[in-house]
Trainee: 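Attaching a single structure in structure tokens format; questions to follow.
In what follows, every chain begins at residue 1, and chains take the letters A, B, ... in the order their sequences are listed. Excluded from the calculations below are hydrogen atoms, water molecules and symmetry mates; all remaining heavy atoms, backbone and side chain alike, are included. Here the structure is a predicted model, which is why all the values come from computation and not from measurement.
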Amino acid sequence: MSEVTIIMNEQAITVPAGTTILTAARENGIEIPTLCHDPEVSRYGGCRLCVVEVAGWGSLPAACVTEVRPDMVIETESARVLEARRTILELLLANHPEDCLTCEKTGACALQDYAYRYGVRRDAFLGERQNHPLEADNPFIIRDMNKCILCGKCVRVCSEVVGRSAIDFSHRGFRARVATALDEGLQQSGCVFCGSCLEVCPVGALTEKKGRGKGRPWEMTSVTTTCPYCGVGCQLKLQVKNQRVIGARAGGSGLNGRHLCVKGRFGHGFIHHPDRLKKPLLRKEGVLQEVSWSEALAYTAQRLSQVKQQSGGAAIGVLASARISNEENYLLNKFARRVLATNNLDHCARL
Amino acid sequence: MTNSIDEIAGADFILAIGSNTTEAHPIISLRIRRAVQRGATLVVVDPRKTELAELAGQHLQLVSGTDIILLNSLVHVILEEGLWNQEFVQSRCEGLAELKQAVEPYTPKYAEQLTGIPAAVLQQTARGYAQAAKATVVYTMGLTQHVSGTDNVLALTNLVLLCGQIGRESTGINPLRGQNNVQGACDMGALPNVFTGYQPVADDACRQKFAEAWGGPLPAQPGLTLGQMMDAAQQETLKAMYIVGENPVLADADANHVAAALAKLDFLVVQDIFLTETAKLADVVLPAVSFAEKDGTFTNTERRVQRVRQAVPPVGDSLADWQITSALSNLLGYPMPYGHPEEIFRELVKVTPSYAGMTYARLEQAGIQWPCPQADHPGTPFLHQGEFVRGKGKFHAVHYLSPAELPDEQYPLLLNTGRRLFHYHTGSMTLRTGLQEICPEERLDISLQDAAALGLNQGERVRLTSRRGTVISSVHISDRVPQGMVFASFHFPEVAINQLTNDARCPKSNISEFKICAVKIEKI
């Protein structure tokens with residue numbers, strides 16, 4: 001493949017032909033802001049925040065969709081570029097609720113970060129604002145289209161990666177927004193609630209319903225672990241605050257990247273469910289009653305020992321589990337064969 | 001899986017058999033979708049019109065249970081048309097003569113009559129699979145949960161070997177495993193006939209090795225499978241059971257039989273995170289912790305051993321399963337003095353050759369796929385490169401075996417069972433999450449034709465009965481199922497569908513025929 005050399009911010013950079021200015025910059029440690037760009041989905045070029053100045057070019061091209069050409073001389077933070085970016089942000093903020101105080105996305109919002117970085121407030125343009133009702137008629141995702149900046153990442157991830165196309169742009173111009181077919185709500189749209197749209201949304205337009213008011217991003221500890229459902233082994237980042245699991249995000253790398261299914265992303269409520277068993281139970285006079293660990297274990301050991309002595313290990317069966325860890329299955333293997341002297345050991349592999 | 005999940009996206013031809021991938025393994029379905037976007041051919045073999053079938057270029061909507069006929073006919077076409085990989089078969093396989101003889105009667109015309117798939121479609125599928133640069137097979141329980149389950153897999157293996165579509169990147173035979181650590185449980189020897197790493201208990205050298213590692217004698221005779229244990233409990237030869245993290249009262253076929261068997265035990269101890277239907281029958285219930293409250297490892301369907309990390313403290317007085325088993329063992333006079341799961345992992349890799357090169361430190365980033373025999377081995381993304389474990393790949397002559405119970409006049413419909421997207425297994429976890437709000441109840445899928453014949457409207461309630469039990473469910477009229485079939489999940493205790501399913505088992509693997517039994521429906 002042929003290579004192209006360009007000058008970016010007075011630095012000579014050589015990249016393969018066909019590389020975009022944005023990729024060339026990022027691979028060389030030069031940060032260019034983007035709102036609509038996502039390397040996993042098709043190039044869009046919609047937000048224009050990534051504009052750069054190319055010597056000899058009349059207009060400012062969007063770095064995410066413009067491929068490098070030989071001998072291009074590029075400035076990523078020139079005065080013209082900064083002015084254009086500020087104007088773009090001013091236009092976005094003119095139609096964006098300034099409720100960062102209560103917005104779930106505060107601290108993890110790209111628009112907030114860029115407004116801060118470029119020193120932009122909302123007062124530059126005043127005019128009509130969107131006034132859409134909050135869409136929350138499903139258990140998992142709240143859609144606040146007043147905060148949507150129309151970057152289209154959710155539309156593209158739903159169509160190109162997940163393959164559902166549950167949402168798309170509707171209407172035109174100022175009235176344009178992301179909607180389901182016939183505005184029927186996500187639950188009627190064919191949405192499978194994988195939450196990949198939540199993962200890519202750069203602002204507070206899409207937020208997790210159950211996590212609302214439960215904690216700020218910086219208050220959470222993120223613990224990477226493996227999903228407890230099917231055998232794919234997706235990596236989860238459990239969001240923990242005050243010793244409780246508040247939410248789950250995709251691991252971000254590995255086999256599932258930023259994607260999960262509805263169970264992995266939203267199916268963690270069982271962890272702190274009030275039905276969880278908290279003490280051992282022992283059947284006394286026909287009824288299961290709470291007892292201490294020492295009583296439950298002593299009774300169990302005594303009964304297992306009794307059966308083993310009277311009828312032999314082969315009269316005992318052990319079901320290990322496809323739900324517990326390797327270490328725990330190994331111990332059950334050892335316990336059954338060595339301690340109980342039985343090979344009657346199996347698990348739910350055939351389900 | 002012989003291959004890695006990522007490799008699926010690189011295949012040119014994907015044959016998916018009995019796999020409802022978009023619902024049961026959603027993230028793997030994204031890879032299949034990516035392959036299709038790249039231009040790969042997807043052929044789906046399934047009696048139901050699943051979402052994956054809709055994505056497929058060709059949906060082979062076969063008559064339930066006729067998989068061997070279909071697969072043997074593909075082999076027949078490939079042999080007849082000389083499309084097989086002669087170099088691969090000659091250098092790496094044995095038993096071709098037996099295979100040729102076995103598939104001789106399975107002409108596409110004959111297969112068309114029994115499977116319902118047009119002969120031309122079978123021929124086209126055979127040619128597409130055999131001639132693809134990289135063909136991969138994906139299968140799940142739709143292939144295996146039959147009385148001919150093992151032979152179904154062998155018939156599939158014949159096809160794979162004959163075309164040499166194995167042992168390379170993106171070519172192979174990939175069972176998608178359905179539970180977070182079902183691969184690991186098997187790897188760790190939670191089976192009646194093997195120690196860790198599939199080392200047979202009946203093999204003197206293996207048993208000797210473990211007897212030395214564990215400091216004492218070990219029984220030589222392979223034990224009972226889960227289904228056989230239930231039979232033995234019923235016959236009162238099995239007297240006590242220790243059940244960890246399983247709910248057979250809802251999960252196993254012919255569940256009434258299972259509950260009756262457990263009731264006959266002298267002693268039942270159940271270890272779980274909720275008071276499941278099985279735990280309610282126990283003499284002792286031991287509260288365990290969930291995945292979020294402990295450290296350890298799970299092994300996924302692509303043989304990748306990955307870390308599980310504790311995020312929150314144990315709920316109430318619950319303990320990790322390893323702590324409970326250790327405490328019981330201590331009381332029974334065999335000390336298990338472990339302080340952390342990593343100590344157990346260090347011990348198990350010493351006796352498990354396929355895990356021997358793994359440490360928690362090495363698993364930290366992205367896990368490792370077994371086999372990983374040494375500390376400097378990077379793990380194995382795909383298996384069977386150059387040589388099979390047994391040396392030569394063996395063709396098996398397998399023939400169609402009729403399902404154990406097919407619809408008849410008294411029970412005129414076929415009941416198929418499986419999973420739905422929003423729930424998991426017996427619902428003990430997912431029914432206690434927000435998923436319950438979006439999918440609150442079981443709805444039996446039924447075809448428009450059968451619903452019309454029974455005078456049923458969408459959502460009406462019916463009594464569904466087999467020779468073994470009865471449940472009440474509402475119906476969902478759907479074109480996902482063909483005429484003559486109804487489909488239900490086993491996720492909802494209120495519709496305990498396994499009270500109806502047939503416990504007829506594959507004689508080789510002891511898997512039950514969850515996918516086929518005869519039922520009748522009455523409107524209520």
Trainee: Taking B:Q37, B:E302, B:K294, B:Q183 one by one, which has the highest count of heavy-atom pairs under 4.5 Å against chain A?
Mentor: B:K294

Trainee: Does one side chain, of A:E327 or B:T297, offer a donor that lies under 3.5 Å from an acceptor on the other?
Mentor: yes

Trainee: Side chains of A:N326 and B:T299: any donor to acceptor distance under 3.5 Å?
Mentor: yes

Trainee: Considering only heavy atoms and a distance below 4.5 Å, find which of B:I273, B:V270, B:L319, B:L328 pairs most often with chain A.
Mentor: B:I273

Trainee: Could you check whether A:E160 pairs with B:R34 (Lys NZ or Arg NE/NH1/NH2 to Asp/Glu carboxylate O, under 4.0 Å)?
Mentor: no

Trainee: Using distance alone, with no hydrogens and no angle criterion, decide if A:R323 and B:N180 have a side-chain donor and acceptor under 3.5 Å apart.
Mentor: yes

Trainee: What I want to find out is whether B:E293 reaches A:R276 closely enough, with some N-O distance under 4.0 Å, to be called a salt bridge.
Mentor: yes

Trainee: To the nearest 0.5 angstrom, please state how far the CG atom of A:L304 sits from the OH atom of B:Y242.
Mentor: 8.5 Å

Trainee: Inspect the contact between B:D317 and A:K279 and indicate whether a charged nitrogen and a carboxylate oxygen are less than 4.0 angstrom apart.
Mentor: yes

Trainee: What part of B:A24 gets closer than 4.5 Å to chain A, counting heavy atoms only: side chain, backbone, both or neither?
Mentor: backbone

Trainee: B:E23, B:E343, B:Q145: which one forms the most heavy-atom pairs within less than 4.5 Å of chain A?
Mentor: B:Q145

Trainee: Quick one: of B:G216, B:A211, B:S318, who has the most non-hydrogen atom pairs under 4.5 Å with chain A?
Mentor: B:G216

Trainee: Establish, yes or no, whether the cationic atom of A:R337 lies under 6.0 Å from the six-membered ring centre of B:F195 and within 45° of the ring axis.
Mentor: yes

Trainee: Count the heavy-atom pairs under 4.5 Å between each of B:T22, B:D321, B:V284 and chain A, then report the option with the highest count.
Mentor: B:D321

Trainee: I'd like to verify something: which residue of B:N193, B:V269, B:L275, B:I28 has the highest number of heavy-atom pairs under 4.5 Å with chain A?
Mentor: B:L275

Trainee: Rounded at 0.5 Å granularity, tell me how far OG in A:S311 sits from CD in B:E236.
Mentor: 11.0 Å

Trainee: How long is the straight-line distance from CG of A:L332 back to OG of B:S329, given to the nearest 0.5 Å?
Mentor: 10.5 Å

Trainee: Identify whether the distance between the nearest side-chain nitrogen and carboxylate oxygen of A:R303 and B:D283 falls below 4.0 Å.
Mentor: no

Trainee: Determine the sole option in B:Y424, B:F422, B:F291, B:F298 for which the ring-ring contact (aromatic ring centres under 6.0 Å, His included) test with A:Y229 is passed.
Mentor: B:Y424

Trainee: Working to the nearest 0.5 Å, report the span between CG of B:L226 and CG of A:N344.
Mentor: 11.0 Å

